[in-house]
Student: 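Have a look at this one before I ask anything.
Protein chains get the first letters and strands the later ones, always in sequence-line order, with residue 1 at the start of each. All values below come from the heavy atoms of this structure, side chains included, with hydrogens, waters and symmetry mates left out. None of the values given here were measured: they were computed from a predicted structure.
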Amino acid sequence: MPIFDDTQLALQRAISGSALRQQVLANNLANAETPGFQRSDVDFHSTLAHAMKTGDPNAIESTSFSPQVDNQTLRADGNGVDIDVESANMAKNGLEYDALISVSKARTSILRTAMGLGG
Amino acid sequence: MSFFGGLDISASGLSAERMRMDVTAENLANAETTRGANGQPYRRKEVVLQTASGNGFSSALASAVGSVPGATSSQQAGGVQVSGIVEDQAAPRMVYDPGHPDANAQGYVAMPNVNPVTEMVDLISASRAYEANVTAMQTAKSMFSKTFDLLR
C-alpha cells in the first residue's frame, strides 16, 4: 500500500483547485467595473469527482483544472460580475480550503504517529 | 500556479478603484472651475478600465515551462488595469452670470460639465468595489496562513 492513498492525492488536488478558484474569483472581483468583462469560475469538484471515479491514482494525481468563462451578462455595459455572488462564492471557497487543509493535516499527523515521529 | 497571484490580482483591483476615487474627487473639486490650464472650463474626467493580461514574471515562467499539472491558464488572470483617463465630451453647462469675469458677450459663463450626483454615484460604486477587493485579499491571506499551518 502506498503511503499516500487516493484520498490524500485527491485532497492535494482539491487544495490546488481551491487555490486556483480563489485567484479566478479575485480576478472577477477586480474586474467588477470593467465594461464587457465575462466572469470565470473553476469547477474543480466535478473534474476531481470524474478522476476519482476511475480509481486510478495517476489519474487523480495528474488532474488539472482550468477556469471556464461564464457567458452571463448582467449589465448594459456587458459586464457579468455580481459582487455579492462573487463574495459569497469566495467565502465558501475559503471555508472549503480551510476544511481541506485541516483534513489533510489530520491525515498527515496520523501517518507521522504511525512512523513514530509523534503527532 | 503562482502562490501569491491572488494577492496581486486584488492589489490591481485596489489601485484601479483608488484611481477612480481620485478622478472622481478631482471632478468634484473642479465642479466650478471655469478656467483650466488651456483657458477653457474644466471637463469631467473618466477612468477607463480594462482586463489586464498576466505579463509578469510568473506568467512568463509558466509559458516557458509549459504544461504543469494544476498550472493551466491560471496565469491569464492578471486582474484589472487603467487603460486611460478620458475627458467627457459633453457640452459645458451655460449659466447666466454677467458679472463673472469669464462671461461671454451674452452674459453666459461656460461651467464644467460635472454633475455632482453622477460623481457621488461613481464614488459609492468605486468604494464598494474597493471593499470587495479588500475582502478578497483578506480571504487570500487567511488561506495562505492556513497553508503554512500544514508545515507545523
Side-chain angles (χ1 to χ4, degrees), chain A residues 11-38 40 42 44 58 60-69 77 79 81-84 86-102 104-106 108-109, chain B residues 1-17 20 47-52 54 67-83 122 125-126 128-152:
Chain A
L11 276 170
Q12 286 173 14
R13 295 317 301 154
I15 289 170
S16 162
S18 182
L20 175 62
R21 186 160 190 238
Q22 155 69 23
Q23 284 196 24
V24 171
L25 294 180
N27 191 48
N28 288 345
L29 275 178
N31 284 289
E33 302 287 334
T34 308
F37 178 79
Q38 302 282 295
S40 302
V42 185
F44 69 92
N58 291 325
I60 298 173
E61 196 167 12
S62 63
T63 311
S64 64
F65 311 105
S66 56
Q68 302 290 320
V69 177
D77 67 356
N79 188 298
V81 179
D82 183 339
I83 290 189
D84 304 304
E86 298 301 332
S87 303
N89 279 338
M90 186 173 276
K92 271 192 286 185
N93 188 57
L95 284 174
E96 187 172 1
Y97 187 88
D98 286 0
L100 289 168
I101 294 279
S102 300
S104 183
K105 198 180 171 189
T108 321
S109 100
Chain B
M1 185 171 66
S2 79
F3 191 64
F4 293 114
L7 286 181
D8 293 339
I9 291 166
S10 296
S12 77
L14 289 183
S15 70
E17 298 306 334
R20 282 182 72 206
V47 174
V48 182
L49 299 178
Q50 72 174 39
T51 311
S67 59
V68 179
T72 46
S73 67
S74 68
Q75 288 72 31
Q76 257 104 61
V80 66
Q81 69 187 25
V82 175
S83 70
D122 277 356
S125 128
R128 276 260 289 152
Y130 191 89
E131 282 167 23
N133 280 297
V134 170
T135 314
M137 206 168 217
Q138 278 166 347
T139 309
K141 262 169 62 188
S142 81
M143 279 167 71
F144 294 147
S145 60
K146 196 81 184 173
T147 314
F148 295 136
D149 278 357
L150 269 179
L151 301 171
R152 288 205 197 125

Student: For A/Leu29, is it the side chain, the backbone, both, or neither that has a heavy atom closer than 4.5 Å to a heavy atom of chain B?
Tutor: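 Contact with chain B: backbone and side chain both.
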Student: Report the option among B/Ala140, B/Ser12, B/Ala11 that has the most heavy-atom pairs separated by less than 4.5 Å from atoms of chain A.
Tutor: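 Greatest number of close heavy-atom pairs with chain A: B/Ala140.
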Student: For A/Asn28, is it the side chain, the backbone, both, or neither that has a heavy atom closer than 4.5 Å to a heavy atom of chain B?
Tutor: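 Contact with chain B involves no heavy atom of A/Asn28 at all.
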Student: Assess the side chains of A/Asn27 and A/Asn31: does a donor N or O sit below 3.5 Å from an acceptor N or O?
Tutor: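 Yes, side-chain donor-acceptor contact under 3.5 Å.
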Student: For A/Lys92 and A/Leu95, run side-chain contact (heavy atoms from CB on, under 4.5 Å): C-alpha distance rounded to whole Å, both residues' side-chain angles, the deciding distance at 0.1 Å, then the answer.
Tutor: CA-CA 5 Å; A/Lys92 271 192 286 185; A/Leu95 284 174; 5.9 Å; no
Student: Mind checking whether B/Lys141 and B/Leu7 have side chains closer than 4.5 Å, heavy atoms only?
Tutor: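 The answer is yes; the side chains approach within 4.5 Å.
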Student: Taking every non-hydrogen pair under 4.5 Å, which of A/Met90, A/Lys105, A/Glu33 racks up the most with chain B?
Tutor: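 Answer, by heavy-atom pair count under 4.5 Å with chain B: A/Glu33.
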Student: Which one of B/Thr135, B/Leu49, B/Val80 has the most heavy-atom pairs closer than 4.5 Å to chain A?
Tutor: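 So the answer, after comparing B/Thr135, B/Leu49, B/Val80, is B/Val80.
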Student: How long is the gap from CZ on B/Arg128 to CG on A/Asp84, to the nearest 0.5 Å?
Tutor: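 The CG atom of A/Asp84 is 5.5 Å from CZ of B/Arg128, to the nearest 0.5 Å.
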Student: Identify which part of B/Ala129 has an atom lying under 4.5 Å from any heavy atom of chain A, answering side chain, backbone, both or neither.
Tutor: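 Both backbone and side chain.
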Student: What part of B/Ser83 gets within 4.5 angstrom of chain A, counting heavy atoms only: side chain, backbone, both, or neither?
Tutor: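 For B/Ser83, neither part sits under 4.5 Å from chain A.
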Student: Can you tell me how far the CG atom of B/Asp149 sits from the OG atom of A/Ser104, to the nearest 0.5 Å?
Tutor: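 The CG atom of B/Asp149 sits 12.0 Å away from the OG atom of A/Ser104.
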Student: Is the shortest side-chain N to carboxylate O distance from B/Glu17 to B/Arg20 below 4.0 Å?
Tutor: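 B/Arg20 and B/Glu17: salt-bridged.
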